[in-house]
Amino acid sequence: MLGIARTGIQVTLASVARGNGLRQLCSGGSGSYKNILVEKKGDKSQVGFVRLNRPKALNSLCDDLLRELNVAFREFDADPSVKAIVLTGSSKAFAAGADIKEMQPKTYSTVFGTNFINDWTEMLRIRKPIIAAVNGYALGGGCELAMMCDIIYAGDSAKFAQPEIRLGTIPGAGGTQRLPRAVGKSKAMEMCLTGDMITAKEAESAGLVSKVVPADKLEAAALDLAERISRMSLMAIYAAKESVNAAYEAPLSQGLLLERRLFHASFGTRDRSEGMSAFTEKRAAEFKDE
Ligand code: CAA
């Protein structure tokens, strides 16, 4: 039994429940998650699949949802059978932002004193790739959540925006920092200063999303991508994610050095040897994540 006690929620793999084709992990004591659905998908069940599931509030990101999301991500990160994760919402909303009704009564001393939404950054410690599959609204914190993922696929009806300015505030979970890196300063500034939405096609041409597909094909496309990644060596997956992320954090010289050292380190893995042998022997590589 693998148990993780975090932020008051106890999750056990032994408590996996089956129903409606879903394997829904249970949060101890209180039954299943309340705000997300969690299952493993793909031919070899190598894809961790998380669906935001607060339909009445358009998947707005309340504290409880974030707590559950962090637990689910950590479970998949620790599960050796899972190699990539897909995060999605509903056809109407990936997520309509932080929960405005929950935030409305908060004061400066409350949010500063509790370091409000600091737990949103926990997902940045997940080592396996997370693919955001965005249909419908990805607004405010919803857009920021998608940008904290590693790859964004969008359905053709998706809409992205940072509308916080219309609430008299600004993005608080990375919108003013990650959006300019994705779409450039001018478009990011326009979005943050007006709250205007951009379409999936605009997001693709600006570089925010890597692929747009018909809305009803989105989950299959994201799952296909996750399965293709899952066929690689987990050692190389970790190294590639770490190295690409360094491009955001480190000066070029340090990023290049990290990349070179991780490249060198891959020569210590069984899978690198197997991958190159398979190429020369004209056969498919059999990776063992070693
Ligand atoms: N927080 C709380 N509740 C929300 C919500 C949010 N972010 N977004 C939608 N809802 C609720 C609505 O209040 C409504 O609930 P009731 O039925 O109880 O009234 C329900 O979801 C359905 O919403 P609408 O009736 O508004 O649906 P619509 O189709 O007419 O409009 C929408 C959809 C354009 C997404 C609109 O709901 C909207 O503008 N939502 C707010 C978007 C927003 O401002 N997001 C930024 C939040 S701040 C933030 O995220 C800060 C940060 O950086 C961390």
Side-chain angles (χ1 to χ4, degrees), residues 35 51-66 69 87-108 110-112 114-121 123-124 130-213 215 218 248:
N35 302 287
R51 185 187 301 285
L52 304 177
N53 188 38
R54 270 191 100 200
K56 287 185 184 149
L58 298 186
N59 291 334
S60 59
L61 304 163
C62 61
D63 284 347
D64 283 347
L65 187 153
L66 254 295
L69 192 58
L87 174 65
T88 196
S90 69
S91 56
K92 178 151 189 196
F94 175 74
D99 189 319
I100 299 167
K101 293 167 190 169
E102 199 175 71
M103 284 187 293
Q104 197 282 333
K106 290 186 190 292
T107 62
Y108 169 73
T110 317
V111 293
F112 182 58
T114 61
N115 208 2
F116 176 56
I117 72 169
N118 192 46
D119 59 342
W120 287 39
T121 54
M123 66 182 280
L124 300 175
I130 306 176
I131 299 156
V134 177
N135 260 332
Y137 297 114
L139 309 181
C143 186
E144 293 168 307
L145 181 64
M147 288 192 289
M148 281 193 278
C149 296
D150 300 300
I151 298 171
I152 306 178
Y153 271 18
D156 52 10
S157 61
K159 290 192 167 55
F160 298 83
Q162 295 294 159
E164 291 87 348
I165 197 149
R166 298 183 183 187
L167 302 169
T169 183
I170 68 167
T176 65
Q177 303 304 301
R178 292 196 177 91
L179 199 57
R181 285 167 167 80
V183 306
K185 176 182 166 183
S186 180
K187 191 173 273 291
M189 194 68 92
E190 189 176 335
M191 288 173 71
C192 291
L193 289 175
T194 64
D196 286 351
M197 294 185 198
I198 60 170
T199 64
K201 270 284 163 215
E202 287 172 297
E204 183 187 33
S205 59
L208 179 60
V209 312
S210 57
K211 193 177 237 181
V212 178
V213 297
L218 175 68
Y248 278 86

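When a residue number appears, it is its place in the shown sequence, counting from 1.
- Partners of I165 by side-chain contact (heavy atoms from CB on, under 4.5 Å), not counting sequence neighbours, listed by chain and number: L193.
- In plain terms, the two heavy atoms of A215 and S157 that are nearest each other are CB-OG, 4.0 Å.
- At least one donor-acceptor pair closer than 3.5 Å links the side chain of E144 to the backbone N or O of A173.
- Counting only heavy atoms from C-beta outward, the side chains of L145 and L69 approach each other to under 4.5 Å.
- To the nearest 0.5 Å, atom CE of residue M148 and atom CG of residue L87 are 10.0 Å apart.
- Between C149 and M123, some side-chain heavy-atom pair lies under the 4.5 Å cut-off.
- For the pair Q162 and L179, the minimum side-chain heavy-atom distance is below 4.5 Å.
- Annotation: the span from I152 atom CD1 to M147 atom CE amounts to 7.0 Å, rounded to 0.5 Å.
- Stacking of K106 on the aromatic ring of F116 is recorded, both the 6.0 Å distance cut-off and the 45° axial limit being met.
- The minimum heavy-atom distance linking P180 with G175 is given by the pair CD-O, 3.7 Å.
- Pairs passing the salt bridge (charged side-chain N to carboxylate O under 4.0 Å, His left out) check and including a residue from residues 180-195, sequence neighbours excluded, do not occur.
- Taken from CG in L124 to OH in Y248, the straight-line distance is 12.0 Å, to the nearest 0.5 Å.
- Contacts of I151 classified as side-chain contact (heavy atoms from CB on, under 4.5 Å), with partners at least two apart in sequence or in another chain: I131, Y153, S210, L225, I229.
- Residues forming a side-chain contact (heavy atoms from CB on, under 4.5 Å) with I170 (at least two apart in sequence, or on another chain): none.
- Using a 4.5 Å heavy-atom threshold, the side chains of S60 and I100 count as separate.
- In terms of the side-chain contact (heavy atoms from CB on, under 4.5 Å) criterion, residue partners of A138 (sequence neighbours excluded) are, by chain and number, F94, V134, F160.
- Judged as a ring pair (Phe, Tyr, Trp, His ring centres under 6.0 Å), and not counting sequence neighbours, the contacts of F112 are Y108.
- Atom-to-atom distance recorded for K159:NZ and C143:SG is 14.0 Å, nearest 0.5 angstrom.
- When every heavy atom of L61 is checked against every heavy atom of L65, the shortest pair comes out as CD2-CD2, 3.7 Å.
- For D196, the salt bridge (charged side-chain N to carboxylate O under 4.0 Å, His left out) partners at least two apart in sequence or on another chain are R166.
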* Asked: Between L139 and M197, is a side chain to side chain contact (heavy atoms under 4.5 Å, CB included) present by the stated rule, with each step listed?
  -> CA-CA 8 Å; L139 309 181; M197 294 185 198; 4.2 Å; yes
* Steps toward side chain to side chain contact (heavy atoms under 4.5 Å, CB included) verdict (T88, L52) -> CA-CA 6 Å; T88 196; L52 304 177; over 6 Å; no
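- Within the structure, no pair that satisfies the side chain to side chain donor-acceptor pair (under 3.5 Å) test touches residues 169-179, not counting sequence neighbours.
- With rounding to the nearest 0.5 Å, the separation of CG in D119 from CG in D63 is 6.5 Å.
- Under the rule for a salt bridge (charged side-chain N to carboxylate O under 4.0 Å, His left out), K211 has no partner lying at least two apart in sequence or in another chain.
- Remark: D150 engages K241 in a salt bridge (charged side-chain N to carboxylate O under 4.0 Å, His left out) (not counting sequence neighbours).
- For the salt bridge (charged side-chain N to carboxylate O under 4.0 Å, His left out) test, residues two or more places apart in sequence or in another chain that qualify with R54 are D99.
- Panel note: side chain N135, backbone S90; no donor-acceptor pair is recorded below 3.5 Å.
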Pairs of donor and acceptor atoms involving the side chains of residues 199-208, under 3.5 Å and at least two apart or interchain, shall be tabulated with distances.
residue : atom : partner : partner atom : Å
T199    : OG1  : E202    : N            : 3.1
T199    : OG1  : E202    : OE1          : 3.2
K201    : NZ   : E204    : OE1          : 3.0
E202    : OE1  : T199    : N            : 2.8
S205    : OG   : K201    : O            : 3.3
S205    : OG   : E202    : O            : 3.2

